[in-house]
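Here the structure comes first, spelled out in structure tokens, and everything after it is commentary.
These numbers come from a predicted model, not from an experiment. Every chain is numbered from 1, with letters handed out A, B, ... down the list of sequences.
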Amino acid sequence: MAETIRVRFAPSPTGMFHVGGARSALHNWAVARQAGGTFVLRIEDTDEARNRPEWIEDIIDALAWIGISADDPHFEGPVMQSAAAAAHRTAADRLYQQGNAYYCDLTPDEVQARAEASGTAGYDGYSRDRGLGPGAERVLRFRVPDGMTVVEDLVRGRVEFDNSTLEDFVLVRSDGSPVFVLANAVDDIEMGITHVIRGEEHLPNTPKQQLIWSALGHQPPVWAHVPVLVNEQRKKLSKRRDKVSLDQYRQEGYLADAMVNYLMTLGWTPPGAEEAGTEIVSWPEIEASFRLEDVNRSPAFFDVKKLDAFNGEYIRAMSPDDFVERAAEEIPDEWDRDRFAQIAPVLQERTVRFDDEIPGKVDFLFLPEGTDVKIDDAAWVKATKAEWARPLFDDVIAAYEALPPARWHTDVLKAECERVMATYGIKLGKAQAPVRVATTGRSVGPPLFERSLPTSLISPNQTSATRFATGAV
RNA sequence: GGCCCGUUCGUCUAGUGGCCUAGGACACCACCCUCUCAAGGUGGCGGCACGGGUUCGAAUCCCGUACGGGCUGCCA
């Protein structure tokens, strides 16, 4: 059989898919696809407390969102770790028969008591030579041999562990269920996994797993331990204190491509990014050039600010139609879709996220008949503070009201505004301020007189301007 | 405490002994453009944790120190 790369992504179902998990999945995916290999999704459901069918669907959905599709020919699974219970049992028995493991009847409390009494940490090998057989309330422990265990890691190089620092760890619990290190190693062996790519937090138990691989008669896989993602306090991202849910970012309006691109730049730079002056690269380019050997060894801070910058770039790169389609998901049902599509272009380059702030930027264009825009009082006060402001504004309003509705076009309105401001000697940058606040309700927003738009932002049926002109405020 | 990993601008990184007067990106600041805000353009601020070695030469190699992190469970 030809050498093919088989990697696996092995999340445990927890009800929330972590951005760190997404990054790890992406690393595995890139390695598998670029080599024409296989990516196996294995659900680690050994701990029965965490096992809900819907959570597995969530994982598959999350992966699909970031481009790891279960329909892809390189994708295999999902397979349940629990389905391999017999294999775990068989492996455990074999280890016991071969003398690589032994039974121990000490309870966790007793183990701890002995450790405290002797002033050492962990299990002291109490049952190593007691010749205990299997039985109720007995755990199976691995007999760690003397010597050194050398882990060859693609990202960290050679890591040595003195076996004397590894206690005889538990393989099978007293209730007969396999523990993570055993189940994980056995599954990897059974699945023919060639590369184990996972987070750095697994590095400490790698020698244990490598010992299991060897005891079971197999060459260990290629290991790759990628540094963890950290928060501003430089602690590993945790769902308790940090915003780590991939789905939450998705709902907040981040684009999958932007998220994927950003995640991949954590600990790795696409070759050519420096010359190109940008880290924005497509997945095909990432897939073709990603190398585990090039991944940084130090933890990376998950910086939402930079994610925002990436997202904004991806949004600006969208086709106008795609932008309208996606942005339309955020606007109220009663808004006219065609009208929204017309003004969407001015929104696109001002959008960093598809969130609920989108409608607030253009809501004055969708007021129900006869209602006024809500004016930000502070903005109005500021815009009309200058001595010339009120008179100039009144003149502009008067000029606008003298216009027949048929002439309410961008160019005409702008020209009228400019004509009035010229008489005051005020530049448009300042002169437009009161007009803007009166018609849009705010001091910032899209250009008032934007020629590229088929419609003016100021329309005759907006009554606010009149209201101000008559001194109602 | 023990074992292991790590340390280049605020952040993510390029750098594998001379190309480094340490480069890029994000953020920040200034200016330009400009009807506000954005976008875009130009420029600026800012870093090799520290101390010893090795070498003609060290961000790059070695040792030590400091600091940070991960693991230390019959969780995964």
Margin query: Any strand counts, and the cut-off is 3.5 Å on both contacts for Watson-Crick or G-U wobble. Which nucleotide pairs with B:rC67?
Written below: B:rG6
Checklist line | RNA chain B: 5'-proximal contact among A:D162 and A:E293 (nearest heavy atom) | finding: A:D162
Check: If each of A:V181 and A:K208 is mapped to the nucleotide of RNA chain B with the nearest heavy atom, which maps nearer the 5' terminus, i.e. the 5' end?
Finding: A:K208
Next item on the list: Answer yes or no: is there a donor N or O on one side and an acceptor on the other, between the side chain of A:R442 and the main chain of A:G360, under 3.5 Å?
Entry: yes
Margin query: Let's see if you get this right: which residues in residues 262-271 of chain A place a heavy atom under 4.0 Å from RNA chain B?
Written below: A:T265, A:L266, A:G267, A:T269
Item checked: Positions of residues 147-158 of chain A (non-hydrogen atom under 4.0 Å from RNA chain B), listed by number -> A:R156
Is any side-chain N or O of [X] closer than 4.0 Å to OP1 or OP2 of [N]?
X	N	value
A:N296	B:rA14	yes
A:R234	B:rC12	yes
A:K236	B:rC71	yes

Proximal nucleotide (of [options]) relative to the [X] side chain:
X	options	value
A:P204	B:rC75, B:rU11, B:rC71	B:rC71
A:V170	B:rU8, B:rC12, B:rC74	B:rC74
A:F301	B:rC74, B:rG70, B:rC12	B:rC12
A:A309	B:rC71, B:rC4, B:rA27	B:rA27

Margin query: Under the rule for ring pair (Phe, Tyr, Trp, His ring centres under 6.0 Å), what residues qualify as partners of A:H27, not counting sequence neighbours?
Written below: A:F290
Margin query: My understanding is that only residues two or more places apart in sequence, or in another chain, count here; which of them pass ring pair (Phe, Tyr, Trp, His ring centres under 6.0 Å) with A:Y126?
Written below: none
Check: Can you tell me how far NZ of A:K361 sits from OG1 of A:T440, rounded to the nearest 0.5 angstrom?
Finding: 13.5 Å
Review item, nucleotides 18-20 of chain B N/O atoms under 3.5 Å of protein N/O:
none

Checklist line | Contact state string [nucleotides 35-42 of chain B, B base, S sugar-phosphate only, - no protein heavy atom under 4.0 Å] | finding: BBBBSS--
Next item on the list: Quick one: label A:E160 by what it contacts on the DNA or RNA (base, sugar-phosphate, nothing), any heavy atom closer than 4.0 Å.
Entry: sugar-phosphate
Check: Ignoring hydrogens and angles, are the base of B:rA25 and the side chain of A:K306 linked by a donor-acceptor pair under 3.5 Å?
Finding: yes
